*Asks:* 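Okay, handing you the structure first.
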2 protein chains.
Amino acid sequence: MPFAPDQHATTLLIRKLESIATLTDEERQALDSLPVRTHVLGARQDIVRDGDRPTHCCLVVEGWACRYKLLSQGKRQILSFHIAGDIPDLLSLHVPTMDHSLATVTSATVAFIPHESLHTLVARHPRLASLLWRDTLIDAAIFRAWMVGMGRRSAYERIGHLFCEMYVKLEAVGLAGDHCCPLPLTQVDLADALGLTPVHVNRVLQEMRRQALLELRSRKLVIQAWDELSAAAEFDPRYLQLGKRAA
Amino acid sequence: MPFAPDQHATTLLIRKLESIATLTDEERQALDSLPVRTHVLGARQDIVRDGDRPTHCCLVVEGWACRYKLLSQGKRQILSFHIAGDIPDLLSLHVPTMDHSLATVTSATVAFIPHESLHTLVARHPRLASLLWRDTLIDAAIFRAWMVGMGRRSAYERIGHLFCEMYVKLEAVGLAGDHCCPLPLTQVDLADALGLTPVHVNRVLQEMRRQALLELRSRKLVIQAWDELSAAAEFDPRYLQLGKRAA
DNA sequence: CGTGTAGTTGAAAAGTTTCAACACGAGTGG
DNA sequence: CCACTCGTGTTGAAACTTTTCAACTACACG
């Protein structure tokens with residue numbers, strides 16, 4: 001690997017922001033000198049918990065993370081999945097107390113950036129502030145897409161939609177191609193993300209396999225019939241705002 | 001009315017931001033000189049449509065608005081409700097194309113603020129940028145709360161949760177009190193917001209009335225048993241971040 | 001007084017959940 | 001190397017929540 005881990009984190013962030021807008025040398029420099037601390041975490045570990053008041057934001061460098069909320073009787077709702085380049089708790093910069101938890105899904109490398117340095121950064125570089133603000137707005141757009149799914153789509157369409165979304169997100173950062181991507185989620189995870197039961201997820205997945213729409217084995221997803229799947233799920237990737245970088 | 005309509009709009013915005021942080025005279029001045037154009041719209045009118053590229057943001061001055069997304073076969077998902085002081089399409093400032101529509105619910109007064117002036121404003125006043133950014137983050141927190149509801153709560157809990165949320169939001173801006181508030185939504189609106197059918201909403205409402213939890217007649221909601229309703233819905237208002245202004 | 005929107009009702013159907021059992025593979029300790 | 005456990009995936013049958021469809025009521029408005 002050409003970079004030391006900490007440098008890798010800032011490089012990743014710079015690349016992410018440059019996929020949206022061209023940065024000045026000064027801005028790139030400011031991002032690069034962000035004091036990040038990189039950690040390697042095991043799978044299924046909490047990073048920040050509901051009720052915490054974090055002092056750092058967390059940049060996913062490698063692996064998957066998710067946000068989730070626990071309810072009474074052990075019910076769990078997963079709110080989002082995050083991959084390399086995402087800053088899932090960027091919101092803690094302006095909303096002090098977490099209203100949900102953040103955890104790893106797989107073992108993962110994450111970089112912690114102090115709020116303090118981010119506040120200084122955005123105060124000095126308003127355009128970077130806008131870019132990060134925009135990032136939280138895209139986050140919200142993904143929430144809306146999930147809401148539409150949970151409110152108005154069948155289990156079948158919801159599962160299809162999530163698979164399309166994750167594939168496109170992974171492809172955009174070079175982690176997927178050929179309609180094939182990692183999908184390190186158990187059927188329980190999928191159920192908790194989609195508002196279904198694991199049993200039902202299982203049955204719908206079988207149906208999709210029977211129709212030769214996709215294969216899903218050992219945490220690897222192959223979408224064999226992209227057009228049919230994305231049509232069935234009414235998947236329109238525009239909400240992800242990948243315009244500039246998508247092929 | 002003590003203010004000309006346009007002035008009323010900026011005053012409302014200033015009051016909203018001052019409920020979170022103390023503003024400097026300069027900031028207040030900058031907000032006050034924002035060139036807003038106030039319009040009175042009828043009920044059920046689109047303000048911005050899915051796919052549009054707005055040039056203005058819309059501040060709700062009076063009345064209710066909602067964001068929604070239309071799917072094939074006439075299915076509709078309402079994504080949020082907005083009341084006085086909200087800027088439902090603030091996101092258009094950084095994400096050019098709308099991925100959903102914005103419409104009035106009741107007849108409403110809305111003030112349009114050009115993107116241009118907002119961009120200038122946030123460039124000159126980074127703290128105002130942060131406050132507006134924060135606003136979009138609270139928006140996202142409400143989305144998450146709705147996701148939890150649609151994913152993991154029963155129809156009964158979902159309806160109760162929405163009523164608690166709207167009551168608290170209205171109370172925070174002085175439009176409700178005594179566990180009594182306007183609720184200008186039809187059962188069809190409720191259904192589309194909660195991911196249910198109107199018929200089912202109707203039956204659950206009857207159940208709630210039978211239990212003397214609430215009254216809902218002629219667009220007026222009275223929550224007769226707040227504690228029971230909010231407990232049944234597991235309503236915890238912290239996600240609304242009303243700390244400083246809530247009683 | 002008619003027309004239309006909103007709310008209500010009943011019965012049957014559908015989608016999804018629940019519960020309980022079993023299969024399979026990976027990892028662990030004896 | 002086996003037995004054991006644990007997490008994950010799979011299956012079946014019954015139950016439940018919610019939907020669907022269709023009809024009907026109530027009320028506001030022009």
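Each chain gets a letter, A, B and so on, in the order its sequence line appears, and its residues count up from 1. Keep in mind that this is a model prediction, so the values were computed, not measured.
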*Asks:* Return the value, rounded to whole Å, for the distance between atom CD1 of A/Ile159 and atom P of C/dT16.
*Replies:*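 Answer to the nearest Å: 9 Å.
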
*Asks:* In the structure I gave you, are the side-chain heavy atoms of A/Val110 and A/Glu62 within less than 4.5 Å of one another anywhere?
*Replies:* no

*Asks:* Relative to the 5' end of DNA chain C, which residue comes earlier, A/Leu196 or B/Val188, by the nucleotide with the nearest heavy atom?
*Replies:*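 Its nucleotide being nearer the 5' end, the pick is B/Val188.
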
*Asks:* Between D/dT8 atom P and A/Leu216 atom CG, what is the distance in whole Å?
*Replies:*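 For the pair A/Leu216 CG and D/dT8 P, the rounded distance is 14 Å.
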
*Asks:* Name the orientation class of the two ring planes belonging to A/Tyr239 and A/His161 (parallel below 30°, tilted from 30 to 60°, perpendicular beyond 60°).
*Replies:* parallel

*Asks:* Considering just the side-chain nitrogens and oxygens of B/Arg219, establish if one lies under 4.0 Å of OP1 or OP2 belonging to C/dG7.
*Replies:* yes

*Asks:* Rounding to a whole Å, what distance do you find between B/Glu157:CD and D/dT17:C1'?
*Replies:*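 The distance from CD of B/Glu157 to C1' of D/dT17 comes to 12 Å, rounded to the nearest Å.
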
*Asks:* Is any side-chain nitrogen or oxygen of A/Asn202 closer than 4.0 Å to OP1 or OP2 of D/dG9?
*Replies:*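 So the side chain of A/Asn202 is outside the cut-off, no N or O lying under 4.0 Å from OP1 or OP2 of D/dG9.
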
*Asks:* Measure up the A/His56 and A/Phe112 rings against each other and bin them: parallel (under 30°), tilted (30 to 60°), perpendicular (over 60°).
*Replies:* perpendicular

*Asks:* Counting only side-chain heavy atoms from C-beta out, which of C/dA6, D/dT18, D/dT10 sits nearest to A/Gln187?
*Replies:*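 So the side chain of A/Gln187 is nearest to D/dT10.
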
*Asks:* Remember a base hit wins even if backbone is also touched, and classify A/Arg153 as base, sugar-phosphate or nothing at under 4.0 Å, heavy atoms.
*Replies:* nothing

*Asks:* Rounding to an integer number of Å, can you tell me how far A/Arg44 CZ sits from D/dC6 C1'?
*Replies:* 14 Å

*Asks:* Please determine whether a side-chain nitrogen or oxygen atom of A/Gln206 lies at a distance below 4.0 Å from atom OP1 or OP2 of D/dG9.
*Replies:*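 Answer no for this pair, as no side-chain N or O of A/Gln206 is under 4.0 Å from OP1 or OP2.
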
*Asks:* D/dT18, D/dG12, D/dC21: which one has an atom nearest the side-chain heavy atoms of B/Val199?
*Replies:*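 Output: D/dC21.
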
*Asks:* Using a strict 4.0 Å threshold on nitrogen-to-oxygen distance, state whether A/Asp189 and A/Arg44 make a salt bridge.
*Replies:*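 The answer is yes: the pair qualifies as a salt bridge.
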
*Asks:* Just how far, in rounded Å, is P of D/dG9 from CG of A/Asp192?
*Replies:*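 From A/Asp192 CG to D/dG9 P: 12 Å.
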
*Asks:* Using only modelled atom types and a 3.5 angstrom limit, is any donor from either the side chain of B/Arg158 or the base of D/dT17 paired with an acceptor on the other?
*Replies:* no

*Asks:* Would you confirm whether B/Arg152, through its side chain, and A/Arg76, through its main-chain N or O, come within 3.5 Å as a donor-acceptor pair?
*Replies:*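 Such a contact is found between B/Arg152 side chain and A/Arg76 backbone.
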
*Asks:* Closer to the 5' end of DNA chain D via nearest nucleotide, is it A/Arg209 or A/Arg152?
*Replies:* A/Arg209

*Asks:* What's the CG-C1' distance between A/Leu205 and C/dT16, to the nearest Å?
*Replies:* 15 Å

*Asks:* Without decimals, in angstroms, what is the distance between A/Glu207 CD and C/dT16 P?
*Replies:*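 Computing the A/Glu207:CD to C/dT16:P distance gives 12 Å.
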
*Asks:* Counting just side-chain N and O atoms, does B/Arg217 come under 4.0 Å of either OP1 or OP2 of D/dA26?
*Replies:*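 The answer is no; no side-chain N or O of B/Arg217 sits under 4.0 Å from OP1 or OP2.
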
*Asks:* Between P on D/dT19 and NZ on B/Lys75, what's the gap in Å once rounded to a whole number?
*Replies:*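 Taking NZ of B/Lys75 and P of D/dT19, I get 12 Å after rounding.
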
*Asks:* Tell me if the side-chain of B/Arg203 makes a donor-acceptor pair with the base of C/dG10, cut-off 3.5 Å, by modelled atom types.
*Replies:*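 Under the 3.5 Å cut-off, the side chain and the base do form a donor-acceptor pair.
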
